[in-house]
Amino acid sequence: SSSSSSSSRQTAASDADPDAPSAFPVSRVVKLLEDMKASLEEEAKTDQEIYENMACWCKTNDKAKTTSIDDGEARILDLSDSIEKLTAESQTLQVQIAALEKEIEKNKDSLAKATSLREKQKAEFTEEEKEMVQSIRALDAAITVLSKHHTGAALLSAEAVVANVSKTIEFINRKGRGSLSQVAKAATTPTQQRTLAEFIQGARTRQLGKAAPYAAQSGEVYGILRQMKETFEADLSESQKEELKAQESFAELKTAKEAEIQSGEASLEDKQQQLAKADTNLAQSKVEREDTEATVAADKAFLSDLKVKCALTDKEWESRKAMRADEIAAVSEAIGILSSDDARDLFSKVFNAPSLLQLSSVDVQRQHLTSMLSAAAKDSSDLRLKRLAVSTKLDAFDRVKRAIDDLVAELKQEAEEESKHRDTCIEELNNNERWTNQEVHTKESLEAKVDSLHMQQMDLNRTITTLEEEVDHLNTEMERASEDREKEKAEFEATVADQKATQALLEQALAVLKSRYEAPALLQQQHGEGQAPPEDFREYKKSGHASGVIALLNHIIEDSVNLQKAAMAAESDAQDAYFKLQQATKDTIVAKQASITDRQAEKATVEEEIVTTKSELGDSMDELESLAHSKADLHQNCDFFLKNFDAREEARAQEIEALGQAKAYLSGMK
């Protein structure tokens, strides 16, 4: 009866505490299996969470990178099409620019040739005009001498009159080169030319004393000389008109050519600006395409690695899930077998024998060692210690000691790896901080460079605006100068017309006076002998003031002619000054337009450098962002580890110490 109650109490105690000395060995095995099942289920749950996170990451990144690759490839196609178009546009503009430059050069050469020809024609006209004026003056002087001889107003000898007129004709023949000689011949008939020649020859003969005394021939010569003078004056007037027309034609030609040149240069400048813009866009498109191709290549490589990694993860997950399911199923089946009612009854019969109720001193020591290892496992939460504690219940001491040695070695290896991991974390955090500081400095330098380039761009914009305003001002001044020139030309033409009208009126009045006062004077009639007649008219005398009036009219006419010539000379000088001013202004405009083109080229270079620097700045910011992500990952992976490193080291040292004590205890049990 006492034996039965004792057995019952021992069985109850065994069911209540599997670690008790009197517990069934099978109960301890069941407890170990249940712990294994719980551990396997916990590991399965952890694997499930890891796989779900990995699957989400794979899906998100696969979708994002696929979209990024598609967008990048579409962008590359667009950029390639744009590059092709910009290349064709650039080549077309280069051909057009070359054609414009050739056309401008051709127009400039044509204008230079026309200017040279005009200057030559003007020089010829000036020389011819000078000779014509000198001839007209000589004729006028000769006519004056002959007129005085006819009227008897001067007490000149016949020989002196003839000599003076001969010198005039010889002067005309001597000076009459080219067109003047042709005018002189055209002004006289062959008979008149022979008369003049005979007149001159006679004068020369008389000078040599080889001819009869002078016979009056000056009347015919006088008429020839007046005819020659009128012809010369008409030809001079016609030459002056032709010169004015030539000047006007040249001015129109020059204006047209300069307009063509200016239009060509404006078109050239526009084409050059288009070319600079096209080349800038082409360079930017090429850089962007290279960057996009590099990004797409990196995305494709990442996506390829992602697919491989995710496929391996899926495969590993399926394998781990199947293996763990099989393991849990086996453990569950073993627990079911050992925990069935039949097994309990059987184990109760087998393990309740009296011989098994006696605990030897070795069992007590084993129990003490198990308790010590279980306490250490509880303090460190290390499943390996817990398994070792369980193994001390079942295994031989030598096997337990080997397990302790293995566990100590494993803990030391773990300590060494964690120490290396700590050093790696610290090194990578320090490197990240150093690289971040370097990249921040690079970013600040690039930002300063972008600001400086923007300042250069603003300065160039202001310079270009100022030059364009100056060009506009010069164009306005040229227009005003053209308007002033037109007004001066109109005044000149009015002045010439007035002078010619004045000369015509004066010539008309002079002709009337000469017809009256240069005619032979009336002779006093002589009466024959006989009865003296009554008192007759006194001797008729023409007004003594007529010669003075005629001389004054001649002087006024001469002054009018001189004023006309002075006006023509002033008009010629003004025209030359106007052409020179226009040319100087156009040269200044060309220089300023060239400066504008240079500044625009500099601006294009600066803008291209801004784009490049901004791209580098973007890369720097991306690098800083990458470093920030890396830093966040490092902190996520390392902060908790570094924070608990000392505590883990201490706990591990305590584990190793406990294991050493356990091993020493086991060694002392032998």
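A donor-acceptor pair under 3.5 Å links the side-chain atoms of T67 to the main chain of K63, judged by distance alone. Remark: side-chain polar atoms of S445 are paired, donor with acceptor, to backbone N or O of H441 under 3.5 angstrom. Under a 3.5 Å cut-off, the side chain of D62 and the backbone N or O of C58 do not form any donor-acceptor pair. Between the side chain of T46 and the backbone N or O of E42, at least one donor-acceptor pair lies under 3.5 Å.
The CG atom of L303 sits 9.0 Å away from the SG atom of C310 when rounded to the nearest 0.5 Å. To the nearest 0.5 angstrom, M54 atom CE is 12.0 Å from D47 atom CG. Once rounded to the nearest 0.5 Å, the distance linking CD of E105 with CG of L100 reads 13.0 Å. Between N61 atom CG and K307 atom NZ the span is 11.5 Å, to the nearest 0.5 Å. Taken from OG in S419 to CD in E649, the straight-line distance is 6.5 Å, to the nearest 0.5 Å. Between K631 atom NZ and E625 atom CD the span is 14.5 Å, to the nearest 0.5 Å.
Taking the charged nitrogens against the carboxylate oxygens, E41 and K45 have no contact shorter than 4.0 Å, which rules out a salt bridge. Under a 4.0 Å N-O distance rule, the pair K315/E318 does not qualify as a salt bridge.
For the salt bridge (charged side-chain N to carboxylate O under 4.0 Å, His left out) test, residues two or more places apart in sequence or in another chain that qualify with D459 are R462. Residues meeting the salt bridge (charged side-chain N to carboxylate O under 4.0 Å, His left out) test with R599, sequence neighbours left out: E602. Remark: E265 pairs with K108 by the salt bridge (charged side-chain N to carboxylate O under 4.0 Å, His left out) rule, at least two apart or across chains.
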**Report entry** CA sep, side-chain torsions, deciding dist, call: N432, S630, side-chain hydrogen bond (donor to acceptor under 3.5 Å, both in side chains)
**Finding:** CA-CA 8 Å; N432 183 276; S630 298; 4.8 Å; no
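Looking at heavy atoms from C-beta onward, W317 lies out of side-chain contact with I50 at the 4.5 angstrom threshold. Side-chain contact between V450 and H454 is present, with at least one heavy-atom pair separated by less than 4.5 Å. Contact annotation: the side chain of E414 approaches that of R648 to within less than 4.5 Å [non-hydrogen atoms, C-beta and beyond]. Two residues are said to be in side-chain contact when any heavy atoms from C-beta on lie closer than 4.5 Å; L429 and H635 meet this criterion. You'll find the side chain of T442 reaches within 4.5 Å of the side chain of E439, heavy atoms only. The shortest distance between side-chain heavy atoms of L93 and Q96 falls below 4.5 Å. In this structure, Q457 and L460 have side chains that are not in contact, with every pair of non-hydrogen atoms separated by 4.5 Å or more.
For F645 against R422, the heavy-atom pair with the smallest separation is CE2-NH1, 3.2 Å. Of all non-hydrogen atoms in E293 and I76, the two that sit nearest each other are CG-CD1, 3.5 Å. Of all non-hydrogen atoms in L86 and A278, the two that sit nearest each other are CD2-O, 4.1 Å. In terms of heavy atoms, G72 sits closest to T292 at O-CG2, 3.5 Å. In terms of heavy-atom proximity, E428 sits nearest to L634 at OE1-CD2, 2.9 Å. The nearest pair of heavy atoms linking S595 to L467 is OG-CD1, 3.3 Å.
Taking a 6.0 Å sphere around CD of E52, one finds it holds more than 12 heavy atoms contributed by other residues, nucleotides or ligands. Few gaps surround CD on Q48; more than 12 heavy atoms of other groups in view lie less than 6.0 Å from it. For E101, the CD atom counts as densely surrounded, since its 6.0 Å shell holds more than 12 non-hydrogen atoms of other residues, nucleotides or ligands.
Within the structure, every pair that satisfies the salt bridge (Lys or Arg N to Asp or Glu O under 4.0 Å) test and touches residues 608-623, not counting sequence neighbours, is listed here: K449-E609. Within the structure, the salt bridge (Lys or Arg N to Asp or Glu O under 4.0 Å) test picks out the following pairs touching residues 72-81 (sequence neighbours left out): E73-K300, R75-E288, D81-K85. Within the structure, side chain to side chain donor-acceptor pair (under 3.5 Å) pairs that include any residue of residues 276-285 comprise S90-D279 (at least two apart or interchain).
Remark: of the listed residues D70, D299, D305, D299 is the sole one forming a salt bridge (charged side-chain N to carboxylate O under 4.0 Å, His left out) with K65.
A donor-acceptor contact closer than 3.5 angstrom is absent between the side chains of R434 and N437. Donor-acceptor pairing under 3.5 Å is recorded for the side chains of D270 and Q274.
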